[in-house]
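Below is one structure; the comments refer to it alone.
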Amino acid sequence: MPELPEVETIRKQLSEQLIDAEIVDVEVRVPKIFVGPTSSPTTLGVNHILDGEVIAKISRVGKYLFIHFSSGRGLAIHLKMTGRLVIDVHTYATVPHTRVVITFKNKRKIYYWDTRMFGYLHVESNIAEAEGIVKAKLGPEPWVIDDSEFLRRLQKTGRTIKDAILDQSLLAGVGNIYASDGLWLAGIDPRRKANTLKLSEVKKLRMSLCTVLERGLATGGASDNSYVDAYGKRGAYQNEFLVYGRTGEPCRKCGRELKYLKIGGRGSWVCENCQK
DNA sequence: GACAACCTGACC
DNA sequence: GGTCAGGTTGTC
């Protein structure tokens, strides 16, 4: 599900609600999702490994979330395709696919819900260090990468530009929705080889990616499929997709039919008139 | 760099 | 029955 705007929305909401909250226990319904500090799954049932931990800060790198405890320990979280983190939406206690429940001393609860179970919560003994390792592995986010650095990175690969911007080690935070929409806004064909882009096109692409990510943030994210925010509410970016998922619908610039393509195994949408 | 794998569910 | 799905990792 979630790309940078969705994960950032959740990060903000968790921060608003749960700074200084103290954990009393963690209910593990699927052990492989709540992973212990030795990188091994925990056991089924109530787990006391985080008892007494107090949330000091919640940060995000790309699509990863880091819950920092005042002890220096923490949780590294990735929601992958269908992960949700919701606060106090108590219907989640009994609904199918709730995998982990964290309970706080003030009676509040975080439910981790995930149909496909690709996501995880990793217990980290040093969360700052864990965050640093992820940060080092990932590329910069679109609003901080330098245009010439972006160009340099794109010139090193023979892949399509679509594949390249989805590569988190090249550029962090962009997923299939914002990649598809950003390429359309920049007027660049997703099938182009990344190393054929000129500096002027790279600049335009970076700006366009920033624009669509900011639009995603402003609308509370894309709830085309299963995404909901930390309050269980849907975003609205799906109502203004530029091309994502709009097979056969008219291009918002020229009115021509948008085409569906498969690039690097992922769905892609393109206006062959506007994207070159 | 291509492709399968990790899973479940929705849709044709 | 088959294909597709917002992501990442590990294999050839």
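Sequence lines set the chain letters: A, B, ... in the order given, protein chains first and strands last, and positions in each chain run from 1.
Within 4.0 Å (heavy atoms only), A/Phe241 reaches no atom of the nucleic acid at all. Residue-level contact check: A/Asp114 touches neither bases nor backbone, having no heavy atom under 4.0 Å from any strand. Residue A/Ser180 is out of contact with every strand shown, counting any heavy-atom pair closer than 4.0 Å. Using a 4.0 Å heavy-atom distance criterion, A/Tyr178 is classed as making no nucleic acid contact. Contacts of A/Gly265 with the nucleic acid, taken as non-hydrogen atoms under 4.0 Å apart, are absent.
Here C/dG7 presents its C1' atom at 9 Å from CZ of A/Arg116, a figure rounded to the nearest Å. Between A/Met81 atom CE and C/dC4 atom P there is a gap of 13 Å when expressed in whole angstrom units. Protein atom CZ of A/Phe118 is 8 Å distant from nucleotide atom C1' of C/dG7, rounded to whole Å. Between the CZ atom of A/Arg84 and the P atom of C/dG7 there is a distance of 16 Å, rounded to whole Å. Atom CG of A/Asn176 and atom P of C/dC4 are 13 Å apart (whole Å). The NE2 atom of A/His122 sits 10 Å away from the P atom of C/dT9 (whole-angstrom rounding).
Relative to the ring axis of A/Trp269, A/Arg246 does not place its NZ or CZ within 45° and under 6.0 Å from the centre.
When the side-chain nitrogen and oxygen atoms of A/Lys80 are compared with OP1 and OP2 of C/dT8, none of them lie within a distance under 4.0 Å. Between A/Arg266 and C/dA5 there is no side-chain polar atom (N or O) within less than 4.0 angstrom of OP1 or OP2. The phosphate of C/dG7 (OP1 or OP2) has no side-chain N or O of A/Tyr120 nearer than 4.0 angstrom.
Membership of the apolar cluster around A/Phe66 extends to A/Val61, A/Tyr64, A/Tyr120, A/Ile127, A/Val134, A/Leu138, as traced through chained side-chain contacts below 4.5 Å between ILVMFWY residues.
Nucleotides B/dC7 and C/dT11 are separated by 16 Å at their P atoms, to the nearest Å. Taking the C1' atom of each, B/dG1 and C/dA5 are spaced 23 Å apart, rounded to whole Å. Of the P atoms belonging to B/dA4 and C/dG2, the separation is 15 Å, rounded to the nearest Å. The separation of C/dC4 from B/dC3, taken at their P atoms, amounts to 14 Å, rounded to a whole angstrom.
With A/Glu124 contributing its side chain and A/Ala130 its backbone, the two residues share no donor-acceptor pair below 3.5 Å. Side-chain N or O atoms of A/Thr98 include one that pairs as donor or acceptor with a backbone N or O of A/Tyr92 at under 3.5 Å. A donor-acceptor distance shorter than 3.5 angstrom exists from the side chain of A/Ser223 to the backbone of A/Gly235, with no hydrogens or angles considered.
Within a heavy-atom distance below 4.0 Å of DNA chain C, the residues of residues 123-141 of chain A found are A/Lys137. Near DNA chain B, defined here as any heavy-atom distance below 4.0 Å, the residues from residues 157-175 of chain A are A/Thr157, A/Gly158, A/Arg159, listed numerically.
Here A/Arg29 pairs with A/Glu27 in a salt bridge; the nearest charged N to carboxylate O distance falls below 4.0 Å. A/Arg152 and A/Glu149 are joined by a salt bridge, as a carboxylate oxygen and a charged side-chain nitrogen come within less than 4.0 angstrom of each other. A salt bridge links A/Arg60 with A/Glu141: the closest approach of a Lys/Arg side-chain nitrogen to an acidic carboxylate oxygen falls below 4.0 angstrom. A/Asp167 and A/Arg159 are joined by a salt bridge, as a carboxylate oxygen and a charged side-chain nitrogen come within less than 4.0 angstrom of each other.
Of the N and O atoms on the side chains of A/Tyr178 and A/Glu6, at least one donor lies less than 3.5 Å from an acceptor on the other residue. When only modelled atom types and interatomic distance are considered, A/Thr219 and A/Glu240 share no side-chain donor-acceptor pair under 3.5 Å.
Here the closest heavy-atom approach between residue A/Asp181 and residue A/Val243 is recorded as OD1-N, 2.9 Å.
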Exercise. Whenever both distances are under 3.5 Å in a Watson-Crick or G-U wobble pair, mark it; put DNA chain B into dot-bracket that way, with [ ] for crossing pairs and | when the partner is on another strand.
Key: ||||||.|||||

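Exactly one residue among A/Arg191, A/Lys162, A/Lys259 makes a side-chain hydrogen bond (donor to acceptor under 3.5 Å, both in side chains) with A/Ser268. That residue is A/Lys162.
For A/Lys262, the side-chain atoms get nearest to C/dC4 when compared with the rest of C/dG7, C/dT9, C/dC4.
Counting 5' to 3', DNA chain B first comes under 4.0 angstrom of a heavy atom of chain A and last does so at the ends given by B/dG1 to B/dG9.
Every residue was checked against the ring-ring contact (aromatic ring centres under 6.0 Å, His included) condition with A/Trp184, not counting sequence neighbours, and none meets it.
The distance from atom CD of A/Gln155 to atom OG of A/Ser148, rounded to the nearest 0.5 Å, is 10.5 Å.
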